[in-house]
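Below is one structure; the comments refer to it alone.
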Amino acid sequence: MRIKEIFEQLFERHGPQGWWPLVELGDLTYKPGCKKYGGYHPKDYSYPKTKLQQFEICTGAILTQNTSWNQASKALLNLYKQNLLNTKSILKATKETLHKIIRPAGYFRQKTKKLKIFSKFFIGLDGKRPTRDQLLNLWGIGPETADSILLYAYKQPEFVVDAYTKRFLLKKGLISEKAKYNEIKALFDDNLKKDYKLFQEYHALIVENAKRK
DNA sequence: AACCAGGACGTGA
DNA sequence: TCACGTCATGGT
């Protein structure tokens, strides 16, 4: 089956996913289906609307590295509740403070360092969109995180390849065991229209499909 | 009670 | 380049 057909099949089965989850004012949950407060935004591609929301997505992308979203979201909510979910506060906070707050996401020492490095970088952007190479040159940002940031925070059609994607395509017989990141990414680039909405939904659907089964 | 979760980096070969 | 060790918490 083709890449495009697989998308149709997944979409039919699971519907729009509306990634990336955002917390909004007054909200204290990242769970899906929460309309009034944050959570996911089904069929609403107008987010992120502010720099703060863009930064929130970037932060989430770092916190969820090799970690379930359930755990990462706890760390994100801790940051939010302590008014630390912004660049200046993260730079101002001590390492020890951040260690405690993001602990549920695991790798708290590495992730604290990553958040501080990224915060400084984000301020330097002054609202501009980073290039992929700029992101990859940052300590703590690899290909998947860079693509997640570009796709979900900046609406740039970069397909996000994660462990689920590899397993999924391997099972479909579309890639070999040791296909590399860029090889897998090219498969989507070559077979899909470069539409950020399509890329956003596709990646989210692969994850949702894997979780459901 | 192992196993793994929406990875990335450091190292030695 | 590449294979492997390290980082860390908390769900099933």
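Computed over heavy atoms, backbone and side chain alike; hydrogens, waters and symmetry mates excluded. The sequence lines fix the lettering, A, B, ..., with proteins before strands; numbering per chain opens at 1. Since the structure is predicted, the reported quantities are computational estimates derived from the model, not experimental observations.
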Over how many whole Å does the gap from [X] atom [atom1] to [N] atom [atom2] extend?
X	N	atom1	atom2	value
A/Phe118	B/dC9	CZ	P	14 Å
A/Phe108	B/dA5	CZ	P	21 Å
A/Tyr181	B/dG7	OH	C1'	10 Å
A/Tyr107	C/dG10	OH	C1'	12 Å
A/Asn66	C/dG5	CG	P	16 Å
A/Asn70	C/dT9	CG	P	16 Å
A/Ile62	C/dT9	CD1	P	19 Å
A/Glu183	C/dT1	CD	C1'	15 Å

Can you check whether A/Lys178 has a side-chain N or O nearer than 4.0 Å to OP1 or OP2 of C/dT1?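 No, outside the criterion.
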
Counting just side-chain N and O atoms, does A/Arg109 come under 4.0 Å of either OP1 or OP2 of C/dT9?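 For A/Arg109, the contact criterion (side-chain N or O under 4.0 Å from OP1 or OP2 of C/dT9) is not met.
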
Going by the angle between their ring planes, with limits at 30° and 60°, are A/Phe199 and A/Phe159 parallel, tilted or perpendicular?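 Perpendicular: the ring planes of A/Phe199 and A/Phe159 meet at over 60°.
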
Parallel, tilted or perpendicular: which one describes the rings of A/Trp19 and A/Tyr152, with boundaries at 30° and 60°?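 Tilted, since the angle between the ring planes falls between 30° and 60°.
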
If you round to the nearest 0.5 Å, how far is OH of A/Tyr181 from CD of A/Glu144?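 So the gap between those two atoms works out to 6.0 Å.
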
Rounded distance in Å between the P positions of B/dA1 and C/dC7: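 Looking at atom P only, B/dA1 and C/dC7 are 24 Å apart.
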
C/dA8 and B/dT11, which share atom name P, separated by this distance in whole Å: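 Rounded to whole Å, the distance is 16 Å.
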
Which nucleotide in the list B/dA5, C/dG10, C/dC2 gets nearest to the side chain of A/Gln71?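 It is C/dG10.
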
What's the closest nucleotide to the A/Trp139 side chain, out of C/dC2, B/dA5, B/dC9?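 Nucleotide nearest to A/Trp139's side chain: B/dC9.
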
Let me check something: do A/Leu205 and A/Tyr45 share a hydrophobic cluster, defined by ILVMFWY side-chain heavy atoms less than 4.5 Å apart, either directly or through other members?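 The answer is yes; both residues are in one hydrophobic cluster.
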
Decide whether A/Leu77 and A/Ile57 are clustered together by the hydrophobic rule: side chain heavy atoms of Ile, Leu, Val, Met, Phe, Trp, Tyr closer than 4.5 Å, transitively.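 As far as the 4.5 Å side-chain criterion goes, A/Ile57 and A/Leu77 are connected within one cluster.
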
Using modelled atom types only, decide if a donor and an acceptor are shared between the side chain of A/Ser119 and the backbone of A/Leu91 within a distance under 3.5 Å.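 The answer is no, because no donor-acceptor pair under 3.5 Å joins these two groups.
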
Quick one: does A/Lys111's side chain have a donor or acceptor within less than 3.5 Å of a partner on A/Gln65's backbone?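 It does hold such a pair.
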
Test side-chain contact (heavy atoms from CB on, under 4.5 Å) applied to A/Ile90 and A/Leu98, A/Thr112, A/Ile101, the passing residue: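 The side-chain contact (heavy atoms from CB on, under 4.5 Å) with A/Ile90 is passed solely by A/Leu98 among A/Leu98, A/Thr112, A/Ile101.
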
Start with the C-alpha distance between A/Asn78 and A/Arg103, add both sets of side-chain angles, then the distance that settles side-chain contact (heavy atoms from CB on, under 4.5 Å), and finish with yes or no. CA-CA 10 Å; A/Asn78 285 344; A/Arg103 166 158 298 168; over 6 Å; no

Enumerate the residue pairs fulfilling side chain to side chain donor-acceptor pair (under 3.5 Å) with a member in residues 90-102 of chain A, sequence neighbours excluded, ordered by first and then second residue.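 Checked against side chain to side chain donor-acceptor pair (under 3.5 Å) - neighbours excluded - the pairs reaching residues 90-102 of chain A are A/Thr94-A/Thr97.
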
Could you check whether A/Ala204 gets within reach of a base, just the sugar-phosphate, or nothing at all, counting any heavy atom under 4.0 Å?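 No contact.
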
Closer to the 5' end of DNA chain B via nearest nucleotide, is it A/Thr64 or A/Gly140?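 Its nearest nucleotide lies further toward 5', so the answer is A/Thr64.
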
In residues 141-158 of chain A, what residues come within less than 4.0 Å of DNA chain B, judged by heavy atoms?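 DNA chain B contact set from residues 141-158 of chain A: A/Ile141, A/Gly142, A/Pro143, A/Glu144, A/Thr145.
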
Please, what dot-bracket string fits DNA chain C when only Watson-Crick and G-U pairs with both distances under 3.5 Å count, crossing ones use [ ] and pairs to another strand use |? |||||||.||..

